[in-house]
Amino acid sequence: MKRAAWCAFFALCSFGCPADDPEDTGSGTSDSSTSDAPATGTDAATTTTTDSAEGSTAQADSSSGAPTGPVPASGISVDWVEANQAVGVRIGDNGGEVGPEGRTSPLLANRITLIRAFWEIDDAWEPREIEARLTVNFPDGTSDTKIDSKLVEGPSFIGNLSEAFFWGLMADEAQPGITYHIELFEADPANADPAVVEPPRLPEDGSEAFVGIEDSWQLLKVVIVPFNYDFGECTREPDLSEETMQLFYDYMYMMMPIDQLEIEIRPNVDWDGELTSFVPLNQYMAGLRVDEEAAPEVFYYGLVDVCSGGLGGAGGLANGIPSDPASPDVAYQRVSSGLSLPANPEFSADTFVHEVGHSLGRRHVACSGEEGGPDPTYPIEGGDLGEWGFGVVDFQLRHPTVYKDYMTYCNPAWVSTWGLNKVYPVIRTLSMWDDDYPGADAIDPPRPPAGSVLIGNLLPDGTEAWYTVPGRIGTLERSATMRIEFGTPTGSLVRDVRVTELPDVGGTMLIAELPVGFDQITTITRIEGDQRFEIERSAVRAHAKTRGSVAASAHHSR
């Protein structure tokens, strides 16, 4: 997380900037009993000490009577506290901790975390600077006090970092079991109120509240397959520049509930024919997964520049939406592709997140009115987010009604609370299959599927594409009107079909389990009601073969 840590260093001092002067107690410095205390971890610029300023109150100077220590603030209190790693999660309210039952989404370990405290002021409030101290207690018995000073002129406001107290937890500080409390002091001792002897505090009862970091290990692994397109007057390679690939990385990392992201870029693949949709690319990559013996948790994403702002009426396409997104049997659906637009890399990066979202099991969210097959269970009309968003790479807030869920067609896009909760358990399960997962020795690795499936892509223009890959059909409902009939030397075998949408193009994907080996099948017939449609066996590809490549592969990981 070093890149994010140093971005934080320059962008927001509350994410751990050490003071240039030991006497400087400005926004974001750490309060310590020693000026040369060591930094915690490799990424942290804050200091940790067991001798923090918690609970200290002003002491009178014996000669002048003026306070010399921290002066408790008066006329102001901590209203509520939020932690934000992508979406806001209330962790303090009503004078105490918000327990697990009140949390709107999980907070991950090893992920930069914004902590914000919102104040409440008396009616007779006089604008002045207030010093807010966040003390974080770690499981090893140490603690760290971070300081933020604000000119409090009126009520706090959630939409502006300057109108609430805020601090940052670095990735190595965001660990299970950490607790916190917040205290407020007058920045100018001259504002001391003799009647106030203890600083306003949350929790009010003097206890420590849990931040609520999960014991999580969230890893997402994506392979990008670049296609060199050559048809007619269009001869293009996709944009794989460092800047664009960093954008892909940052968008995915910020919007997914992960603390680790690995993106591997495959050698470029030459594509020497016309593309009228993304289906051939997805079919190719579904086979490529088999050829490369890819781990079941890995996602494949094709990137192509076709000299146009759309392909088959879409900017990207997933290989259907898996019925069991956390099952090893549907690895063939962890495949999607999208346009590379050198003039608009933000669109390409947004599409990357959107299509992988489909591969994680997410359907569209209605916003523009053009999204096909929107999820009827999405709880907020218009695709609004539900909570304020925050980017752990760019450190920008996202308005919950201006930004829309990334599964809409609206812009600007961000992750909703509901969407984050939807994919969190899927990624959690996939992460457990990785060899480096803590405790992997105690987990049975996923076994390769025992059988194979026949997949058919039926597009709105009437074209069809059929292929077979290892896998199972999944557990969701089967079509009541559609079947696939397989002819074999010993007779015909009819199998149920799962029908799923091809998101973004309005097509349909059919999935049926092969009853025998493909080499034993003589005829294939699609049955719809009382209609029968013969499928040429020779038109069914067992899986794609690599056609040659140029360029070197690259590997990007945080």
Before accepting this row, confirm whether a basic side-chain N of the pair [X]/[Y] lies closer than 4.0 Å to the acidic partner's carboxylate O.
X	Y	answer
Glu186	Arg128	yes
Arg362	Asp375	no
Glu173	Lys146	yes
Arg334	Glu297	no
Glu82	Arg116	yes
Glu101	Arg103	no

| task | Would you kindly check if the NZ (Lys) or CZ (Arg) of Arg133 is within the cone defined by 45 degrees around the ring axis of Phe185 and under 6.0 Å from the six-membered ring centre? | result |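 The answer is yes; both the distance and angle limits are met.
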| said: Taking the cut-offs as 6.0 angstrom to the six-membered ring centre and 45 degrees off its axis, would you call Arg90 and Trp80 a cation-pi pair? | reply: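 Yes.
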Donor-acceptor contact below 3.5 Å, side chain [X] vs main chain [Y]:
X	Y	result
Ser348	Leu341	yes
Ser216	Ala109	yes
Asn84	Thr113	no
Arg201	Ser207	yes
Trp119	Phe165	no
Glu97	Phe210	yes
Asp122	Trp125	no
Trp418	Ile380	no
Asp188	Asn191	no
Glu371	Gly369	yes

With a 6.0 Å cut-off on ring centres, are [X] and [Y] close enough?
X	Y	value
His364	Tyr378	no
Tyr251	Tyr406	no
Trp271	Tyr229	no

For a 4.5 angstrom cut-off between non-hydrogen side-chain atoms, does [X] reach [Y]?
X	Y	answer
Pro503	Ile321	yes
Thr135	Tyr180	no
Asp250	Met252	no
Pro238	Asn268	yes
Tyr332	Val330	yes
Glu262	Glu264	no
Ile263	Leu261	yes
Leu303	Met245	yes

Rounded to the nearest 0.5 Å, how far does [atom2] of [Y] lie from [atom1] of [X]?
X	Y	atom1	atom2	result
Glu153	Ile121	CD	CD1	10.0 Å
Asp79	Leu202	CG	CG	9.5 Å
Tyr301	Ile224	OH	CD1	8.0 Å
Ser277	Leu281	OG	CG	8.0 Å
Leu169	Ile213	CG	CD1	6.5 Å

| task | Output all residues satisfying ring-ring contact (aromatic ring centres under 6.0 Å, His included) with Phe248, sequence neighbours left out; order by chain, then residue number. | result |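 Applying ring-ring contact (aromatic ring centres under 6.0 Å, His included) to Phe248 gives Phe352.
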| For Trp414, all residues meeting ring-ring contact (aromatic ring centres under 6.0 Å, His included), sequence neighbours excluded |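 Applying ring-ring contact (aromatic ring centres under 6.0 Å, His included) to Trp414 gives none.
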Donor-acceptor pair between [X] and [Y] side chains, under 3.5 angstrom:
X	Y	result
Ser340	Asp239	no
Ser431	Gln218	no
Asn110	Gln175	yes

| task | Indicate the ring-plane relationship of Tyr249 and Tyr253, choosing parallel, tilted or perpendicular according to the 30° and 60° boundaries. | result |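 Answer is parallel, since the angle falls under 30°.
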Closest non-hydrogen atom pair between [X] and [Y], with its separation:
X	Y	value
Thr401	Lys404	O-NZ, 2.9 Å
Ala86	Leu420	CB-CD1, 4.1 Å
Ala326	Leu430	CA-CD2, 4.3 Å
Ala413	Cys410	CB-O, 4.1 Å
Ser359	Pro322	O-CG, 3.4 Å
Val211	Ile91	O-CG2, 3.6 Å

| request: Test side chain to side chain donor-acceptor pair (under 3.5 Å) on Thr244 and Ser241 and set out the steps. | output: CA-CA 5 Å; Thr244 295; Ser241 66; 3.1 Å; yes
| task | Take Thr508 and Thr500 through the side chain to side chain contact (heavy atoms under 4.5 Å, CB included) test and state the conclusion after the steps. | result | CA-CA 6 Å; Thr508 303; Thr500 181; over 6 Å; no
| message | If you count every heavy atom of other residues, nucleotides or ligands that lies below 6.0 Å from Tyr437 atom OH, does the total exceed 12? | response |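 Atom OH in Tyr437 is crowded, with more than 12 foreign heavy atoms closer than 6.0 Å.
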| message | Pair Tyr300, Val298 - check side chain to side chain contact (heavy atoms under 4.5 Å, CB included), show working. | response | CA-CA 7 Å; Tyr300 275 56; Val298 177; 3.9 Å; yes
| query | How far apart are the C-alpha atoms of Tyr409 and Asp504, what are their side-chain angles, what is the distance that settles it, and do they pass the side chain to side chain donor-acceptor pair (under 3.5 Å) test? | reply | CA-CA 10 Å; Tyr409 285 171; Asp504 304 306; 2.6 Å; yes
| task | Would you please test Ile76 and Ile130 for side chain to side chain contact (heavy atoms under 4.5 Å, CB included) and show each step? | result | CA-CA 9 Å; Ile76 187 171; Ile130 297 295; 4.3 Å; yes
| field | Candidate pair Glu501 and His358, rule side chain to side chain contact (heavy atoms under 4.5 Å, CB included), full reasoning | value | CA-CA 11 Å; Glu501 62 188 290; His358 281 312; over 6 Å; no
| task | Start with the C-alpha distance between Asn137 and Thr179, add both sets of side-chain angles, then the distance that settles side chain to side chain donor-acceptor pair (under 3.5 Å), and finish with yes or no. | result | CA-CA 5 Å; Asn137 308 294; Thr179 61; 3.1 Å; yes
| said: Set out, in order, the CA-CA distance, both residues' side-chain angles and the distance that settles ring-ring contact (aromatic ring centres under 6.0 Å, His included) for Phe118 and Phe157, then state yes or no. | reply: CA-CA 7 Å; Phe118 300 87; Phe157 173 52; 9.0 Å; no
